[in-house]
Amino acid sequence: MADGEQGDLLSGIDDVSLMRFLLEDLHDDLLGKVQRFRYLHDVGEQHGRRTMLFGGHVTHNVWVEARSSFVHGNYVATVLLCQSLIENLLAAFLHGGLLDELPPRIQFDETLKRCRAAGILSDGDVTELKKLVALRNPLTHFRNVDDERSLHRRSMATGRYTSDILSKDAWFAISSHRA
């Protein structure tokens, strides 16, 4: 390579080496991946294979990516995507059901309030969905270790590994779409 030229990030790795790396990655936590995939399959069976999701392409793609992230143990992504899924799903349901005229950009708290008023969500559902937002916010916005919602603080307070906390949060998030 000439001076000043940048190589491809993976230019020094041949296809066989990449395949080995991908197989090793697939093998890591294989039993956990199977367990998480089985859970999603069972949930799909409960709801029916042809369940319609309001919100069009955004909602569909977020759900597909949330499932994939969950199965592969990408727990932060699962939490972030599930909160996006719920927000888009509920607002699209309000809009699609012509229950209420929505502003062009509706805040999630307002969506929850309108869904509760329309009887779409119970008080318990709203509480659970606000918990999801509370899990997402410290992952999206910087939190100092002194903040009680920061991942570090939660780890110190519970004596649990951050990876275990994120796993539990992802399980909660992926099940919250059923609220």
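Because only heavy atoms are used, hydrogens play no part in the values below, and waters and symmetry mates are left out as well, while side chains stay in.
- More than 12 heavy atoms of other residues, nucleotides or ligands lie within 6.0 Å of CZ in Arg160, so this atom counts as buried by the packing criterion.
- By the 4.0 Å N-to-carboxylate-O rule, Asp125 lies too far from Lys130 to be salt-bridged with it.
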Check: What do the steps show when you test Leu94 against Leu90 for side chain to side chain contact (heavy atoms under 4.5 Å, CB included), and what is the final call?
Finding: CA-CA 6 Å; Leu94 287 172; Leu90 291 175; 5.8 Å; no

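- At a threshold of 4.0 Å, the pair Arg114-Glu110 counts as salt-bridged, since one of the basic side-chain nitrogens sits closer than that to a carboxylate oxygen.
- Cluster membership for Met156 and Leu166, using ILVMFWY side-chain heavy atoms within less than 4.5 angstrom, is not shared.
- Counting heavy atoms from C-beta outward, Ser176 and Ile86 have side chains that approach closer than 4.5 Å.
- Using a 4.5 Å cut-off on side-chain heavy atoms (C-beta onward), Asp29 and Arg36 make contact.
- Judged as a salt bridge (Lys or Arg N to Asp or Glu O under 4.0 Å), and not counting sequence neighbours, Arg149 has no contacts.
- Under the 4.0 Å criterion applied to side-chain N and carboxylate O atoms, Lys131 and Glu128 are not assigned as salt-bridge partners.
- For the side chain to side chain contact (heavy atoms under 4.5 Å, CB included) test, residues two or more places apart in sequence or in another chain that qualify with Arg67 are Leu40, Trp63, Val64.
- You'll find the side chain of Leu139 stays beyond 4.5 Å of the side chain of Leu135, heavy atoms only.
- Under the rule for a salt bridge (Lys or Arg N to Asp or Glu O under 4.0 Å), the partners of Asp147 that lie at least two apart in sequence or sit in another chain are Arg143.
- The hydrophobic cluster containing Tyr75 does not contain Val34, counting ILVMFWY residues as joined when their side-chain heavy atoms lie under 4.5 angstrom apart, directly or transitively.
- Judged as a ring pair (Phe, Tyr, Trp, His ring centres under 6.0 Å), and not counting sequence neighbours, the contacts of Phe70 are Trp171.
- With hydrogens and angles ignored, the 3.5 Å screen pairs a side-chain donor or acceptor of Thr111 with a backbone N or O of Gln107.
- No side-chain N or O of Asn137 forms a donor-acceptor pair with one of Thr140 less than 3.5 Å apart.
- Atoms OG and CG, from Ser155 and Asp164 in turn, are 9.0 Å apart once rounded to the nearest 0.5 Å.
- When the side chain to side chain donor-acceptor pair (under 3.5 Å) test is applied to Glu87, the partners found at least two apart in sequence or on another chain are Gln83.
- Counting heavy-atom neighbours within 6.0 Å of Asp15 CG, excluding the residue itself, gives a total of 12 or less.
- For Phe37, the CZ atom is loosely surrounded, since the number of other residues' heavy atoms within 6.0 Å does not exceed 12.
- Every residue meeting the salt bridge (Lys or Arg N to Asp or Glu O under 4.0 Å) condition with Arg116, not counting sequence neighbours, appears here in chain and number order: Asp123.
- Under a 3.5 Å cut-off, the side chain of Asp14 and the backbone N or O of Ser17 do form a donor-acceptor pair.
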Margin query: Determine whether His60 and Asn88 satisfy the following criterion, side chain to side chain contact (heavy atoms under 4.5 Å, CB included), listing intermediate values before the conclusion.
Written below: CA-CA 10 Å; His60 170 76; Asn88 279 281; over 6 Å; no

